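All residue numbers in this chain count up from 1 along the given sequence. What you see is a predicted model, and the numbers here were worked out from it, not measured in a lab.
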Amino acid sequence: MKKISAFLLVMSMLFTLGACGGNLKETENMETENKVTENKNTENEITENKITEKVDSISKTDENPEVTGTLTVPPENFRLIQGGTFEMGSPETENWRSEDEVRHTVTVSDFYMSIYEVTQAEYAEVVGNNPSSFSGDNLPVEMVSWMDAVRYCNARSEKEGLTPVYTVEGQTVTWNRSADGYRLPTEAEWEYACRAGTETPFYTETSISAEEANYYGHYPYEIEDHYFSQDNLSTKPGKYRQTTVAVDSFSPNPWGIYNMHGNVGEWVWDYYGAYITSEQTNPTGVKTGTLRVYRGGGWNDFAKNMRSAYRAAMAEDKGSFNIGIRLVRNAVNGDGSIVSAGVQGVDSTNSNVLIAFFSWGGNTKGIAEEIQAQTGADLFEIELVHPYSSNYNTVLDEAQRDQNAQARPELAVHVENMEDYDTIILGYPNWWASIPMPIASFLEEYDFTGKTIIPFCSHGGGRFGQSLTAIGKLAPDAVMGEALSVHYSGGSSLPEDVAAWLKENGIKE
C-alpha cells in the first residue's frame, strides 16, 4: 500500500479514535462455478487496516497540505481528499475498456469523502425506512434511486444543522455548490479518490482478488481471456458471496477509503454522457441526460466492471440491489448553482407491446413464451445470419470474443413495423455479466426515442450484471421499465413471477 500523506494519517488517527454461477448442463448462461478457489476469509471477515504507522513516527519532511474552506477538520468517518490533477478515464491499452472512457486531464479541489458507504442503520435513522434487499445495520443501504440519494443528503444535512445542498422541485434538482451539507461526489471526484494516485485498472495496481473486494469472485479481471487456461491468470477465481458485506470489510485503498471497488456501486452527481476531453477543473458532467452515473461495481459484478474508469448508468428514479450511496462534503467553497431536470416516465398501460428476445439454449425463449401467454403481445426472436455454435465451450469463446470487440453480429430477421410499438419487452441471457452482442445489434437498428424498454434476463447467479447499463447506453432516449431477472428457466414460480412483474410495469392489471 502506498504511503499516505502525513496530514491524512494524523487526521485519520485523531478522529477515528474519537469516533452468473452455472454448470455445463445449464447451457444458456455464460457463468460457471467450476475451478473456484475458495476464499480463506469467512463471509463477513474484516481484514485489518494496514495503516499501522504511529503519529509520532511521521517524518517532519512530509508535506502537510494546507486546509482551507468551509471545514477545518473532517467530519466523523470522513477523510480529507487533497485536490490535484489526474488523468481521468482509461488508456486505450487497458483490457475491457469502453469507448466512453476517453482519457483526459482533470483537476479537482479538496473535498471530504466518507470512508464508508452509507449503512442501512444510518439511512433508516434519517429516512425512517430501509429499502434494502439484504438486511444488516452495518451493510450498505441499497435499492435506493439517485433521487432517493439526493433526498437523503438533504435530510441528513438538516438533521445535523447543515445547509442542504440540493433543492428538489418535482424531478428538477438544483445543486447549491457553496452549501456545507452532504452531497454526492461528482464523477471526477469519485474516480480521483478511487484511484488514490494510481493509473492502473484498480487501486491495487494489478488485478483485484476476492480477498480484497466483494464481487463475483469466480470472474477476476481478464478471466475472459483465460477461461480454460487459468494457469496464466494473475488473479485466480475466488469466493462469490452473493450478498453485500459490512462497509468496513477488507483493507481500504491507499487514501483510507473502503470498498471503492465492489460491494455496491455508488451514485454520483453526473448525468451519463460523453466526456468533455479538453482539460477540465471540477467538472460536473454533461448538462442534460436521461441516465445518472454510478461507479465502483457491486457484489454481483465481474472484476472488469469494477475498474476505476468503468462507468455504469441508470435512470435516476430507479434503484437496484447493488447500488448504494457514498457521501462527500465541501472542503472549499464552491461557486454558483447547477440545475438539472429529470426525464418524465412513460405510462406503458394499454400500449402496443412487442416481446423481442435472443436465446441460445432455450431458457430465455421459455420466459418470453410465458410473457406472451400472459399478455397476448407480439413475439419476435432475434436471430443471426451466422448463428453462434451449438457447442457450449465454443460459444463461450465466441460470446466473449464478440463482447470484447463490441462486435455487432448481423441479424437475419427484422421488425418491419417498429413504429407501431410503444413498449418493447426485451429478453436475453446474461453473458459475461452483460448483454449478448446480438442485443446490441438490435438496439442500434431502431429508434427507441419515447418508447419504453422493459428488460428481462436469464442468469446463473449474476442477475443483471451490467446489462441494464449496456441497454441504457445504447438506447438513451428510451425509458427503462422495471427489469426482471430469472434464475435459469425460472422453475415452477415463473408464471407467478412474470405476472407480478407485468403488473409492476403496468402491462397487466
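Using a 4.0 Å cut-off between charged nitrogen and carboxylate oxygen, E99 and K473 do not count as a salt-bridge pair. A salt bridge links R103 with E199: the closest approach of a Lys/Arg side-chain nitrogen to an acidic carboxylate oxygen falls below 4.0 angstrom. At a threshold of 4.0 Å, the pair E316-R292 counts as salt-bridged, since one of the basic side-chain nitrogens sits closer than that to a carboxylate oxygen. We find that E92 and R97 are not joined by a salt bridge, their nearest charged nitrogen and carboxylate oxygen being 4.0 Å or further apart.
A cation-pi arrangement is found for R329 relative to Y182, the charged atom lying closer than 6.0 Å to the ring centre and inside a 45° cone about the ring normal.
Taking the six-membered ring where tryptophan is involved, the planes of Y192 and F86 are tilted, since the angle between them lies from 30° to 60°. Ring pair W146/W269 is tilted by interplanar angle, where 30° to 60° counts as tilted. Ring geometry for W501 versus F456: interplanar angle over 60°, hence perpendicular rather than tilted (30 to 60°). Using a 30° and 60° split on the angle between ring planes, Y240 and H218 fall in the perpendicular class, above 60°. Using a 30° and 60° split on the angle between ring planes, Y221 and F202 fall in the perpendicular class, above 60°.
In terms of modelled atom types and a separation under 3.5 Å, the side chain of N77 and the main chain of S114 share no donor-acceptor contact. With N176 contributing its side chain and T167 its backbone, the two residues share no donor-acceptor pair below 3.5 Å.
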Using the rule given for side chain to side chain contact (heavy atoms under 4.5 Å, CB included), can you reason through W299 versus T243, listing the C-alpha separation, both sets of side-chain angles and the distance that settles it, and then say yes or no?
CA-CA 6 Å; W299 58 269; T243 181; 5.9 Å; no

Where do R463 and N322 land on the side chain to side chain donor-acceptor pair (under 3.5 Å) test, with the steps shown first?
CA-CA 10 Å; R463 302 197 192 183; N322 66 344; over 6 Å; no

Evaluate the criterion side chain to side chain donor-acceptor pair (under 3.5 Å) for residue pair N253 and Y258; output intermediate values, then yes/no.
CA-CA 6 Å; N253 80 353; Y258 290 78; over 6 Å; no

I would like to know whether V293 and W267 meet side chain to side chain contact (heavy atoms under 4.5 Å, CB included); could you show each step before the answer?
CA-CA 6 Å; V293 176; W267 287 114; over 6 Å; no

Audit row: S485, H459, side chain to side chain contact (heavy atoms under 4.5 Å, CB included) steps and yes/no:
CA-CA 7 Å; S485 64; H459 70 95; 3.8 Å; yes

Checking L184 against Y166 for the side chain to side chain contact (heavy atoms under 4.5 Å, CB included) test, could you report, in this order, the C-alpha distance in whole Å, the side-chain angles of both residues, the deciding distance, and whether it holds?
CA-CA 10 Å; L184 301 178; Y166 305 114; 3.8 Å; yes

Can S133 and E142 be said to form a side chain to side chain donor-acceptor pair (under 3.5 Å), step by step?
CA-CA 7 Å; S133 58; E142 18 87 8; 3.0 Å; yes

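Contact check for I453 versus V479: no side-chain heavy atoms found under the 4.5 Å cut-off. You'll find the side chain of T290 stays beyond 4.5 Å of the side chain of Y271, heavy atoms only. Taking the side chain as every heavy atom from C-beta outward, T186 and N282 never approach each other to under 4.5 Å. A 4.5 Å side-chain heavy-atom check between D248 and N138 finds at least one atom pair inside the cut-off. Between I81 and I257, the closest side-chain pair of non-hydrogen atoms falls below 4.5 Å. Side chains of E117 and N263 form a contact here, defined as non-hydrogen atoms less than 4.5 Å apart. The side-chain heavy atoms of M113 and R79, taken from C-beta on, include no pair separated by under 4.5 Å. Between T204 and E212 there is a side-chain heavy-atom pair separated by less than 4.5 Å.
Summarising the geometry of N333 relative to S178, their closest heavy-atom pair is OD1-O, 4.0 Å, with the distance given to 0.1 Å. Shown here for G481 and P455, the closest heavy-atom pair between the two residues is O-CD, 4.0 Å. Shortest non-hydrogen contact noted between V144 and P131 is CG1-CG, 3.8 Å. Among all heavy-atom pairs drawn from D137 and T119, the shortest one is O-CB, 3.2 Å. Shown here for V106 and A188, the closest heavy-atom pair between the two residues is CG1-CB, 3.9 Å. For the pair P164 and S157, the tightest heavy-atom approach, listed with the atom from each and the gap, is CA-CB, 4.0 Å.
Applying salt bridge (Lys or Arg N to Asp or Glu O under 4.0 Å) to R295 and the options E101, E187, E266 leaves one that passes, E187. Screening T244, V141, V245, V264 for a side chain to side chain contact (heavy atoms under 4.5 Å, CB included) involving F134 leaves a single residue, T244.
The aromatic ring centres of H261 and Y215 sit 6.0 Å or more apart. Between F78 and Y112, a ring centre-to-centre spacing not shorter than 6.0 Å is recorded. In this structure, the ring of Y152 has its center less than 6.0 angstrom from the ring center of Y123.
Using modelled atom types, one finds a donor on one side chain and an acceptor on the other under 3.5 Å when comparing Q466 with D301.
Note that CG of L443 and CD1 of I435 are 6.0 Å apart. Values are rounded to the nearest 0.5 Å. Atoms CZ and OH, from F442 and Y428 in turn, are 13.0 Å apart once rounded to the nearest 0.5 Å.
Within 6.0 Å of CG on N129 lie more than 12 heavy atoms contributed by other residues, nucleotides or ligands.
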